[in-house]
Number of protein chains: 2
Amino acid sequence: MTHSLADPTLADAEAFASDANADGLAVSLVGPCEATFSGRAHRDLAAGVRQLLWKPDDTLLVHGAGGRDPDAWASGGTVTVDANDGLVVACDGGSAADALRVRFDAVHAATAFDPVDADATTVSGTEADLKERVLADPDLIEPGFRPLATERETPAGRVDVYGRDADGTVVAVELKNVRASPSAASQLERYVTALRRDLHADAEVRGILVAPAVTEKTRRLLAESGLAFSQVSPADAAGR
Amino acid sequence: MTHSLADPTLADAEAFASDANADGLAVSLVGPCEATFSGRAHRDLAAGVRQLLWKPDDTLLVHGAGGRDPDAWASGGTVTVDANDGLVVACDGGSAADALRVRFDAVHAATAFDPVDADATTVSGTEADLKERVLADPDLIEPGFRPLATERETPAGRVDVYGRDADGTVVAVELKNVRASPSAASQLERYVTALRRDLHADAEVRGILVAPAVTEKTRRLLAESGLAFSQVSPADAAGR
DNA sequence: AGCTCTATGTCGTGC
DNA sequence: GCACGACGTAGAGCT
């Protein structure tokens, strides 16, 4: 399934890579290369040793020395390989004008393998879990709060949780499972304003930001807008 | 500089990887593995063939069949390798509670190489370029607009460009080099509100969103908030 | 270290 | 297919 070449000629590397891709395999090429990307932005990668990963879905990743993100990448286009002048792996970005071109002077190592699909990966602990948690125990948000709907539509977007507080006042809740930034405060304010407009002119609408924490500036923005903050962590059961 | 092993024993792979890392090299391991991540969220990768890239800065990337983003990753911690029970490459996330553990049943291919630094990469066509462009020719935003400051601080965050229009009215400009979403409108509204509060109570403050395009909902939100939109593309010279 | 914001963000979801 | 918002966002720039 997995096979490799050490120091292949460029012609051999070209055949190796295109055969592997035709077989639905992922290909890793390591060697000195330069690259350019042209699309929404422009990117130039000066000569240096990098790894190119060509996935079966025709995603190209060019990785250098550091960082989680590739130095250059392309996806959603058609990939071509050509060994006429160096080994050129190129991706024309399909509908977008994005184009990536990687040119290897030499290939030190080539590996092809049959990678597992993304559905072998499961994730938990996301905002969806936080929502489940507060719906199961609405008092976490505020004693007496009762949810009426989730993802309620407003002209300004969907409110995460919509309900009423102990006094029967309408409440819009915005959930964040990370420390909340100013954008979360203005997002909530947008919803509250839209709800006030949508309901009767004299309708009172409260807004509560639910998150494990807020930044200082965010706390101030909430206060200025008359919005509340309720501390709830996504995981632990000792909320509020 | 670049060297490889084909189908090494796990002990050999361990020695290969730790030696290479000690020499400041990047290491690629391909083979059947499973992995778990525990931190801000949880992630489980069922058994399957993947590529692990261990960069010299101790970033770990686990890539499967598709997508630009790794199936799992870790950075900012200490990486350890151990071949006692499978080949385990683990990263304790340092200050964060993030921990990634990858366990290989076998290693089909191992490659070590000396990757080029990120400073070999240059980028252009970003929002910074758009800012330069409108500062060089402020009439692109609106005839008569005159910039007074960039990144002006307000209690709600930094205004991209701050100036006055042809009538002398204060203007806050928010730049986007992509099609603008509702979040851009509320970001601009935050700044305008903060400026009105900061300046005299009777101060008039206008807000202009500068972007190549806006979505329909964004256009409506701008109108409701009394904010303007000015179409300027990051690249082409035919603005306004 | 903390905070704010950009990004070729990418990715999922709902229309 | 477009739009919208979350993301273990990552990464840069500034205080």
Side-chain angles (χ1 to χ4, degrees), chain A residues 36-43 59 61 66-77 91 93 95-100 118 121 123-128 130-131 151 153 156-160 174-184 187 190 213-219 221 234-235, chain B residues 37-43 59 61 66-76 93 95-100 118 121 123-131 151 153-160 174-184 186-187 190-191 213-218 221 234:
Chain A
T36 56
F37 168 81
S38 184
R40 284 156 289 185
H42 289 262
R43 214 168 254 249
T59 300
L61 304 176
R68 192 198 79 130
D69 290 349
D71 289 348
W73 68 95
S75 63
C91 178
S95 60
D98 301 358
L100 174 66
T121 304
V123 196
S124 63
T126 170
E127 186 180 294
L130 175 59
K131 192 199 288 184
E151 305 300 332
E153 285 286 354
R158 284 173 210 159
V159 178
D160 284 340
E174 173 64 24
L175 301 174
K176 293 290 165 193
N177 71 337
V178 294
R179 180 163 218 206
S181 294
S183 63
Q187 191 181 353
R190 263 200 291 139
V214 289
T215 66
E216 196 46 48
K217 191 172 278 190
T218 307
R219 185 184 297 276
L221 287 169
Chain B
F37 167 81
S38 185
R40 281 154 291 185
H42 289 261
R43 214 167 255 249
T59 299
L61 304 176
R68 193 199 79 128
D69 289 351
D71 290 348
W73 68 94
S75 63
S95 60
D98 301 359
L100 174 67
T121 304
V123 196
S124 63
T126 170
E127 186 181 294
D129 297 271
L130 175 59
K131 191 198 291 185
E151 304 301 332
E153 284 286 353
T154 78
R158 284 172 210 159
V159 179
D160 283 342
E174 172 63 24
L175 302 173
K176 292 289 165 196
N177 71 336
V178 294
R179 181 164 215 196
S181 294
S183 60
S186 51
Q187 189 180 357
R190 262 198 292 138
Y191 298 154
V214 289
T215 66
E216 197 44 49
K217 188 173 280 190
T218 308
L221 287 169

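Not measured: the values here are computed from a predicted model. Scope of the values below: all heavy atoms of this structure, side chains included, with no hydrogens, waters or symmetry mates.
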Can you tell me how far [atom2] of [N] sits from [atom1] of [X], to the nearest Å?
| X | N | atom1 | atom2 | result |
| --- | --- | --- | --- | --- |
| A:E174 | D:dC4 | CD | C1' | 12 Å |
| B:D160 | D:dC14 | CG | P | 14 Å |
| A:W73 | C:dC11 | CH2 | C1' | 14 Å |
| B:E153 | C:dC3 | CD | P | 14 Å |
| B:D69 | C:dC11 | CG | P | 5 Å |
| B:L175 | C:dC5 | CG | C1' | 13 Å |
| B:L130 | C:dC5 | CG | P | 17 Å |
| B:R40 | D:dC7 | CZ | C1' | 10 Å |

So what does [X] hit on the nucleic acid, given a heavy-atom distance under 4.0 Å: a base, only sugar-phosphate, or nothing?
| X | answer |
| --- | --- |
| B:T215 | sugar-phosphate |
| A:E151 | nothing |
| A:G67 | sugar-phosphate |
| B:G157 | sugar-phosphate |
| A:A74 | nothing |
| B:A156 | sugar-phosphate |
| B:E216 | nothing |
| A:A128 | nothing |

Of the listed nucleotides [options], the one nearest the side chain of [X]:
| X | options | value |
| --- | --- | --- |
| A:R158 | C:dG14, C:dT4, D:dC4 | C:dG14 |
| B:V178 | C:dT10, C:dG9, D:dA6 | C:dG9 |
| B:P182 | C:dC11, D:dG5, D:dA10 | D:dG5 |
| B:R68 | C:dC11, D:dG8, D:dC4 | C:dC11 |
| A:E127 | C:dT4, D:dC7, D:dG8 | D:dC7 |

Main-chain N/O of [Y] paired to [X] side chain as donor or acceptor, under 3.5 Å:
| X | Y | result |
| --- | --- | --- |
| B:T154 | B:G157 | yes |
| B:Y191 | B:A156 | no |
| B:R179 | B:V214 | yes |
| B:R43 | B:D71 | yes |

Query raised in the report: Nearest nucleotide by nearest heavy atom, which residue falls closer to the 5' end of DNA chain D, B:F37 or B:V214?
Result: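 Closest to the 5' end, via its nearest nucleotide, is B:V214.
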Counting only side-chain nitrogens and oxygens, does [X] get under 4.0 Å of the OP1 or OP2 atom of [N]?
| X | N | value |
| --- | --- | --- |
| B:Y191 | C:dT4 | no |
| A:N177 | D:dC7 | yes |
| A:R179 | C:dC3 | yes |
| B:K176 | C:dT6 | yes |
| B:Q187 | C:dT4 | no |

- Would you call B:D160 and B:K131 a salt bridge, taking side-chain N to carboxylate O under 4.0 Å as the test?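 Not counted as a salt bridge, because no side-chain N and carboxylate O are separated by less than 4.0 Å.
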task = Give a yes or no on whether a salt bridge exists between A:R190 and A:E174, defined as a side-chain N under 4.0 angstrom from a carboxylate O.
result =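 Between A:E174 and A:R190 there is no salt bridge, as every charged N stays at least 4.0 Å from the carboxylate O atoms.
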Would B:R68 and A:D69 count as a side-chain contact (heavy atoms from CB on, under 4.5 Å) here? Give the steps.
CA-CA 9 Å; B:R68 193 199 79 128; A:D69 290 349; 3.4 Å; yes
Could you work out the separation of D:dG8 and D:dC4 based on their P atoms and round it to a whole Å?
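To the nearest whole Å, 22 Å.
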